[in-house]
There are 2 protein chains.
Amino acid sequence: MAATLKDVAARAGVSVATASRAFQRPDMVGARSLERVRRAADEVGYIPNSAARALISGRRGVYGVVVPDLENPFFPAVLKGAQARAHHHGVQLLLADAEESPEGERSLVRTLAGQVDGVVLCSSRMDEEALLEAASLTRITLVNRVRPGMTGVFADPVPGIPAAVRHLHRMGHRRLGYVGGPATSRSDSARRTALEEVCREVGIDLLDVGHFEPGVEGGRRGAEELLLTDATAVVVYNDLMALALIDRLKGFGVSVPEDLSVVGWDDIPFASLLTPGLSTVQVPRYDMGALAVDLLVAAGEPEREDEGGEGRAIGLPTQFVPRASTARLAREV
Amino acid sequence: MAATLKDVAARAGVSVATASRAFQRPDMVGARSLERVRRAADEVGYIPNSAARALISGRRGVYGVVVPDLENPFFPAVLKGAQARAHHHGVQLLLADAEESPEGERSLVRTLAGQVDGVVLCSSRMDEEALLEAASLTRITLVNRVRPGMTGVFADPVPGIPAAVRHLHRMGHRRLGYVGGPATSRSDSARRTALEEVCREVGIDLLDVGHFEPGVEGGRRGAEELLLTDATAVVVYNDLMALALIDRLKGFGVSVPEDLSVVGWDDIPFASLLTPGLSTVQVPRYDMGALAVDLLVAAGEPEREDEGGEGRAIGLPTQFVPRASTARLAREV
DNA sequence: CGCACGAATGTATACGATTGCAGACCAATG
DNA sequence: CATTGGTCTGCAATCGTATACATTCGTGCG
């Protein structure tokens, strides 16, 4: 159906070899032939067959991206960043949603492995063994997870968390709650560590509210637990939970920021839309996606394999964005 | 690097043809050989090369999905639906973000055309000509847009819009504003038509507030324009705008739903999270994505090309979801 | 016992593009 | 004029898989 290089060559009156070179190495082709091939290609609407190209070159020009849940507002920006760099590298992205299941991730990597040059694994919840299997099947770059020996990109709690805590301290807060994420999450413990350190430094009591599921329900439950403490401010594992928490607090007649200050994590698009605007630690999602693709593509080009991140995890700095959900106490709860 | 069918065949002591058949037509292969091939494949970790397969079969097993903006909360659910059906059909999805630009869509379709068996175009803003070009390059299914002769899936304002209007009428509202989307948008005019019809029927004054950009800024401006009318309720082009509108109204001291009732469109995930929960017309995004992929895949399988939607646009019913943003007036503005 | 037939397997070719190699052609040089 | 060198072009092999066709083998029946 579609025109092939053979058709173009025939129409231009040259061999397929010349036609091919007209695109790949125009300098190797005579001006006359070049012109004729180009015109012929235009006329028949020639589009190179990527499958044939991939077969001979060994590179498919396609990378997979696996996310646990597309509807989680964290990921679209990651994808956009990835997409932008993919486009820049002349490469395509195969999207896969694991539907929150580690087993799903695993099987997705298996099927993707045969069709892509590498996979970006976002916020993977696979266990170590599955991760190793994945790495043996195809090139892997982790986003939002670190594993020694594997290439990855993650958000460094510093300087965002320290800045947030100092901000709260300046606002007069001395008792800070932390509504955490899943106990198994590395990023949760990294954030905890950063919090502990800076709280000790500036002299704030850090109150552990516990571990919660990273969704709306977790945020609601976090609010309930939080009210059992005497914290005047709270840092929440992510924005989604923070918003749910604020909503739940409102149900208890506790309003933000008059009665309580709230800091989120991520800076999802909605964080600034709501009233009150959510103070949060901005995670460079776009850059994370972009860098992940860069690393993956670079790893596939041996000549400049020494570009950096090979097998290493790169931390991208976070930034505290103060908005209306943090303030000096208007009244004691 | 990776094991090929040849390796498997050698290890199993059979020819590549037999090895191939062991996977494609197991019934044509002796039990003994079948077993040996399977074991050999397992041992070397054989993964079929999709490029080679695509080359010979002519089908790539990959479909493209083009969205104008991934960060628009409308699309993730569409993608999830598409993804789910793609997985069901044993097919992959190539994701592309057009970054809000019709020209971007156009060039994406061009590049995708050579790598996929078809493209799902979501909420495309391409002009007619570009659309025709796209259709000439590859199989196209439209989502959220209709064009005679092209396969497509869209959200039918009925019964969602009539239900919403009747609900408002029952709440005592008699003057309803409509904050519309882009003037060029077909879905905007479809919604207008549905609104007019049901308003006439139940006896409500429909006040046209104008056309706005479908983002946060459009919603804010919509709020400002709305206050120039004496509407007591408003239907907004989409949830994102509705939320921004509510936020902006709050800035004017107008609160929802006490002073004004608001109905959105889409039912994006955040619509229910906020206080007040947004009353909205729920669009079956997931089903739209799913159906789009089904249609695309079906169109590629000639034997059952008569399955239905070929060249036709299919409307999926919407549903009104009442929440807290619609109520009887507590006080007159 | 021989023939025919079906099952199982192997051989060879095709898919479309790329590329090493060699040939054709021309100009410049000795 | 022969030789060299360079430019341009074509031939043919190749990537990994699928399949039409040919071949082999065993089996059942006449």
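Each chain gets a letter, A, B and so on, in the order its sequence line appears, and its residues count up from 1.
A straight line from CZ of Phe23(B) to C1' of dT19(D) spans 16 Å, rounded to a whole angstrom. The distance from atom CG of Leu55(A) to atom P of dC15(D) is 9 Å, rounded to the nearest whole Å. Distance, Leu5(B) CG to dA18(D) P: 7 Å, rounded to whole Å. Distance Arg21(A) CZ to dC8(D) P: 11 Å, rounded to the nearest Å. For Arg25(B) and dA7(C), the CZ to P distance is 13 Å, given to the nearest whole Å. Atom CG in Leu34(B) sits about 16 Å away from atom P in dA7(C), given to the nearest Å.
A close approach under 4.0 Å does occur between a side-chain nitrogen or oxygen of Arg53(A) and OP1 or OP2 of dT18(C). Dashed line: the shortest gap from a side-chain N or O of Ser20(A) to OP1 or OP2 of dG16(C) is not under 4.0 Å. The phosphate of dC11(D) (OP1 or OP2) has no side-chain N or O of Ser15(A) nearer than 4.0 angstrom.
Few gaps surround CZ on Arg110(B); more than 12 heavy atoms of other groups in view lie less than 6.0 Å from it. Atom CZ of Arg39(B) has 12 or fewer heavy atoms from other residues, nucleotides or ligands within 6.0 Å.
Taken from CZ in Phe75(B) to CG in Leu70(A), the straight-line distance is 13.0 Å, to the nearest 0.5 Å. Ser33(A) contributes atom OG, which lies 12.0 Å from atom CE of Met28(A) (distance to the nearest 0.5 angstrom).
Between Gly13(A) and Ser57(B), it is Gly13(A) whose nearest contact on DNA chain D lies nearer the 5' terminus. Residue Val16(A) is the one, among Met28(A) and Val16(A), whose nearest nucleotide of DNA chain C lies closer to the 5' end (criterion: closest heavy atom).
Looking at Asn72(B), its side chain never comes within 3.5 Å of a backbone N or O of Asp69(B) through a donor-acceptor pair.
Listed nucleotides dT9(D), dT17(D), dT18(C) differ in distance to Thr18(A); the shortest reach to its side chain belongs to dT9(D). Considering only side-chain atoms of Ile56(A), the nucleotide from dC15(C), dT14(D), dT17(D) that sits closest is dT14(D). For Ala17(B), the side-chain atoms get nearest to dT19(D) when compared with the rest of dA17(C), dT19(D), dT9(C). In this structure, the nucleotide among dT9(C), dT18(C), dA17(C) sitting nearest to the side chain of Gln24(A) is dT18(C).
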